[in-house]
Amino acid sequence: MISTLPDHFRAHPWRSAGLLLGLGAGATILGALFFEHVIKLAPCPLCLEQRVPYYIAIPLGFTIALAAHFRAPVLLLRLGLVAAGAVMIWAAVLGIYHAGAEWAFWPGPTTCGVPAPITPRAGDLLRAIQTTRVADCTVVQWRFLGLSLAGWNAVIATSLAGIAFLGASRSPAQKA
């Protein structure tokens, strides 16, 4: 048994992993929305795509935690955590791909930096031009400790995948 894990996690690994996954994914989405709406960093199409696994992981994590609380079958809990871990690996791969495109290790998707289709009405066109901000997937808008938001997404998603897989691999600690 790993002595560095908190006692609660050892006693309730599936519930704890589900809660940490749901809370971590939720905090990540709140952070993305903060950068978009408060800091005013326009997300590129790839940024928006990177949010999709989190939208899956939030309810999945809380559902696993709730199911563990009500003593759902062990196999179901473990499969749920493995699925959640796989979803977060998907998020990490998207983050790595995006960060690699930002560092010019490989080309970004062709959808990045492409404006929305032109509307047929002149009034709508003017409004669309004034309000549309198109972000290029290959341009870093913000860095912290040398990593862009895409890089931080890869780090966070990998960590959340690790939590999910660790939770799936554990059994509740026996009370002495």
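Just so you know, residue 1 is the first one in the sequence shown, and it goes up from there.
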Applying a strict under-4.5 Å side-chain criterion to I, L, V, M, F, W and Y, I'd like to know whether [X] and [Y] cluster together.
{"X": "V38", "Y": "L41", "answer": "yes"}
{"X": "I56", "Y": "V82", "answer": "no"}
{"X": "L160", "Y": "V52", "answer": "yes"}
{"X": "L77", "Y": "L66", "answer": "no"}

Distance check, rounded to the nearest 0.5 Å: [X] atom [atom1] versus [Y] atom [atom2]?
{"X": "T28", "Y": "L23", "atom1": "OG1", "atom2": "CG", "result": "10.5 Å"}
{"X": "L76", "Y": "L81", "atom1": "CG", "atom2": "CG", "result": "9.5 Å"}
{"X": "F62", "Y": "L19", "atom1": "CZ", "atom2": "CG", "result": "6.5 Å"}
{"X": "I64", "Y": "R78", "atom1": "CD1", "atom2": "CZ", "result": "13.0 Å"}
{"X": "I58", "Y": "L30", "atom1": "CD1", "atom2": "CG", "result": "7.5 Å"}
{"X": "N153", "Y": "T158", "atom1": "CG", "atom2": "OG1", "result": "8.5 Å"}

_Among L60, I29, V87, which residue satisfies the side chain to side chain contact (heavy atoms under 4.5 Å, CB included) criterion with Y55?_
I29
Which atom of [X] lies closest to which atom of [Y], heavy atoms considered:
{"X": "G167", "Y": "A17", "answer": "CA-CB, 3.8 Å"}
{"X": "A65", "Y": "G18", "answer": "CB-C, 4.0 Å"}
{"X": "A161", "Y": "G85", "answer": "CB-O, 3.7 Å"}
{"X": "A99", "Y": "A150", "answer": "N-CB, 3.8 Å"}
{"X": "F165", "Y": "I89", "answer": "CE1-CG1, 4.0 Å"}

Minimum side-chain heavy-atom gap [X]-[Y] below 4.5 Å:
{"X": "L21", "Y": "M88", "value": "yes"}
{"X": "E36", "Y": "C47", "value": "no"}
{"X": "K40", "Y": "F35", "value": "no"}

